[in-house]
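This structure is a prediction, so every number in the text was calculated from the model and none was measured.
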Amino acid sequence: MDYLKTVIPSQLVADRGSNLVVINPGSANIRIGLASQDVPLNIPHFIARYTNQRPKFNLQDQMLNSQVTTAQHMEREKAYDTIASLLKIPFLDEEVANNSFPRKIGRADGYNPQSGKSVAFQWANVYEQDADSSLALGTSRSKVITGESVEKHEGTGAEEICSGNRKFRGHIFGEEALRISPTEPYCLSRPIRRGHFNISQHYPLQQVLEDMHAIWDWILIEKLHIPHSERNMYSAVLVLPETFDNREIKEMLSIALRDLRFSSAVVHQEGLAAVFGNGLSTACIVNMGAQVTSVVCIEDGVALPNTEKTLPFGGEDISRCLLWTQRHHQTWPQVRTDMLTKPIDLLMLNRLKESYCGIKEGELDAVAVVHSYEDGMPAGSHKTRLTALNVPPMGLFYPTLLVPDIYPPPPRSWFHDYENMLEDTLHMEYSRRPDMPDGLFPGISVGYPMWESYPVFSSKPKKEEKVGLAEAITNSILSTGRIDLQRKLFCSIQLIGGVALTAGVISAVEERVLHAIPSNEAIDTVEVLQSRTNPTFVSWKGGAILGVLDFGRDAWIYREDWIHNGIHFRSGRKYKDSYYVQAQATCYINS
């Protein structure tokens, strides 16, 4: 069994992975690369488009509500004091008496060491650059990055405007899009928010899909060097989070097959792929991403849908909590820092969190350099002592500390799809209005009534849980209902996603989960398994392994079939996502 797990997949990856592109999109980053590669590219899932609209929006998400209510503020302070008691640190407003003795400082500098963590981010160069103007650009405008390569998107067709002899770039992608000054004529968009398409009154579905297509196409051309003319030689493996609804899955399949022109594609869910990525067969997968944390149990290579839990917080919320904590303790410099409206501040706070935050008892402080980014000016540096650095990550267990930003999601009726990819609905009596165009969604004001006209049937639940991480893990495992499986799962917890890199999180999960198990349950051991690879890339790696194995060929969707037929009821062939192939996965896992 071990031989099969470790040797055969690596041989298959080397032999067959060179024409498989594995795509694992998330709310903040997209992990993408050839299956034959050891690690994928990890690129912020953002696009900034040039705009000449007035008034100008810097962000597509203009309706974000980041205002904390009085009740939320009280709950946040209460959660802080609860955490402080557990960590044996002063309460939120507790002062050391007269500062009569030196505070015991835990050394955090060694936690998750990051190279260049004190180097400031630079404003992005928003101009096209050519040989004649590059020298002038580098000397005439302070915010242009000297020597930085300018990434161009082939065939964007976007409107561009000249400023003197300079021309604005039509599109800017990835991290560079986050480093655009708010004074520049660009609007930043993120196609996915909180584990779903980021649809709103100002960001209709069609624009979300166009942005996602543009980002993915840019990566394929500029980073993986796969031009349109060669796409028919490649297949795509979509490794998708459990949070996505049926309609969202189908739209991403259309992007891969119709728009990006892959010859074929297959869908695998993230939790199942994570099991393969670490060579396991049974585990409780805890995926801690930037904006969503999800839990799902896998038994013998088969996901158990009733165990799925979704928590609406992640690493970005920990970064925001870090800022709130420092401001409350008055350790943050007197500078304008706003990670919602000034994305370059989000990059800085994420880096500070990754470099210095951890979970451990006792006071955890560190001397760090905080950067201020004023419009069009070079970054300012401020050396300061950050405090209570072990509090923000504990928000995973006490989510009222995090107070996630409130953003109105699209009405759930939009996701009640008349063609359900996840369940077998072949025997349902179901009619489709003949006057309804396929794949159309003009916008929030007129789009939703289209889908409300269809009968509604129950599909996989996507309910968000209002509990902390330990309770979510415990409830997920106990919902399996079998003591032998429960014991195995409690000793086979796997942490994946970027937040899993937080120092001390493994022991914290073990301790808090054990504490959350009801006393009447005959379970006394909890163990988090060490990941064999970087937790950020486990699901991507599992998708690469699943993609090269032969057992799933029946689940592959071919471009011509999808474009001309899609999914039809009572047809000879019905495409399904990874729930269909999970049973087939056992022929590899159990062989």
Side-chain angles (χ1 to χ4, degrees), residues 28-29 42 44 76 79-80 83-84 86-90 92 96 102-121 175 178 288-291 313-335 337-339 342-373 379-398 401-402 469 495 497-509 534-536:
N29 297 287
N42 193 30
R76 167 180 268 184
Y80 186 106
I83 293 168
L86 288 170
L87 297 177
K88 299 179 174 57
I89 62 174
L92 187 62
V96 178
R103 301 171 67 190
K104 181 181 178 183
I105 304 300
R107 183 174 178 83
D109 304 76
Y111 277 36
N112 290 345
Q114 305 281 324
S115 59
K117 59 189 176 186
S118 296
V119 177
F121 292 99
E175 183 192 285
L178 296 171
M288 300 184 287
Q291 291 196 334
F313 51 80
E316 287 184 11
D317 301 294
I318 296 174
S319 297
R320 288 192 302 107
C321 183
L322 171 64
L323 177 60
W324 171 78
T325 302
Q326 304 313 312
R327 280 178 167 164
H328 188 91
H329 288 294
Q330 299 181 357
T331 60
W332 197 256
Q334 295 297 312
V335 297
T337 304
D338 187 348
M339 62 185 289
K342 200 164 35 155
I344 198 167
D345 285 338
L346 169 64
L347 292 173
M348 174 189 66
L349 283 162
N350 280 341
R351 188 161 68 181
L352 288 173
K353 172 199 65 183
E354 294 162 4
S355 301
Y356 298 111
C357 282
I359 301 177
K360 61 180 292 187
E361 281 191 4
E363 296 186 44
L364 184 60
D365 294 14
V367 175
V369 176
V370 172
H371 294 106
S372 58
Y373 299 92
S381 297
H382 313 267
K383 193 172 185 179
T384 186
R385 178 176 293 277
L386 305 179
T387 189
L389 292 166
N390 45 355
V391 171
M394 285 293 288
L396 296 168
F397 307 102
Y398 299 91
L401 178 76
L402 301 179
L469 180 58
L495 306 183
V499 181
L501 294 169
T502 305
V505 71
I506 290 179
S507 58
V509 168
N534 187 326
T536 308

Measure across Val499 and Val505 and return the closest heavy-atom pair with its distance rounded to 0.1 Å.
O-CG1, 4.3 Å

CG of Leu364 to CG of Leu87, rounded to nearest 0.5 Å, is 9.5 Å

Spatial distance of atom CD1 (Ile89) from atom CG (Asn390) [nearest 0.5 Å]:
5.0 Å

If we ignore hydrogens and angles and just use 3.5 Å, is the side chain of Asp338 paired with the main-chain N or O of Asp345 as donor and acceptor?
no

Please check this pair: side chain of Lys353 against backbone of Ile318, looking for a donor-acceptor N/O pair closer than 3.5 Å.
no

A side-chain contact here means heavy atoms from C-beta on lying under 4.5 Å apart; do Met339 and Ser319 qualify?
yes

Taking all non-hydrogen atoms of both residues, which atom of Leu92 and which atom of His328 are closest, and how far apart?
CG-NE2, 3.3 Å

Mind checking whether Met348 and Val370 have side chains closer than 4.5 Å, heavy atoms only?
yes

Using 30° and 60° as the class boundaries, would you call the ring planes of Trp324 and Tyr80 parallel, tilted or perpendicular?
perpendicular

On a heavy-atom basis, the closest approach of Ser381 and His371 is OG-CD2, 3.3 Å

Contact between Thr337 and Tyr373 at the side-chain level, heavy atoms closer than 4.5 Å - yes or no?
no

Would you say the side-chain atoms of Asn350 pair up with the backbone N or O of Leu347, donor to acceptor, closer than 3.5 Å?
no

Where Ala379 and Phe121 come nearest, the two heavy atoms and their spacing
CB-O, 4.2 Å

Is any side-chain heavy atom of Val367 closer than 4.5 Å to a side-chain heavy atom of Lys383?
yes

Can you check whether Leu386's main-chain N or O pairs, donor with acceptor, with Thr331's side chain at less than 3.5 Å?
no

So, do Cys321 and Leu401 sit near enough that their side-chain heavy atoms are less than 4.5 Å apart?
yes

For Thr387 and Thr325, which heavy atoms make the closest approach, and how far apart are they?
O-CG2, 4.3 Å

Give me the atom names and distance for the closest heavy-atom approach of Leu352 to Ala368.
CD2-CB, 4.2 Å

Can you find a heavy atom in the side chain of Leu389 that is under 4.5 Å from one in the side chain of Leu322?
yes

Under 4.5 Å between any side-chain heavy atoms of Leu501 and Glu354, yes or no?
no

Compare all side-chain heavy atoms of Phe397 with those of Leu86 and state whether any distance is below 4.5 angstrom.
no

Measuring from atom CG of Leu402 to atom CZ of Arg320, what distance do you get when rounded to the nearest 0.5 angstrom?
7.5 Å

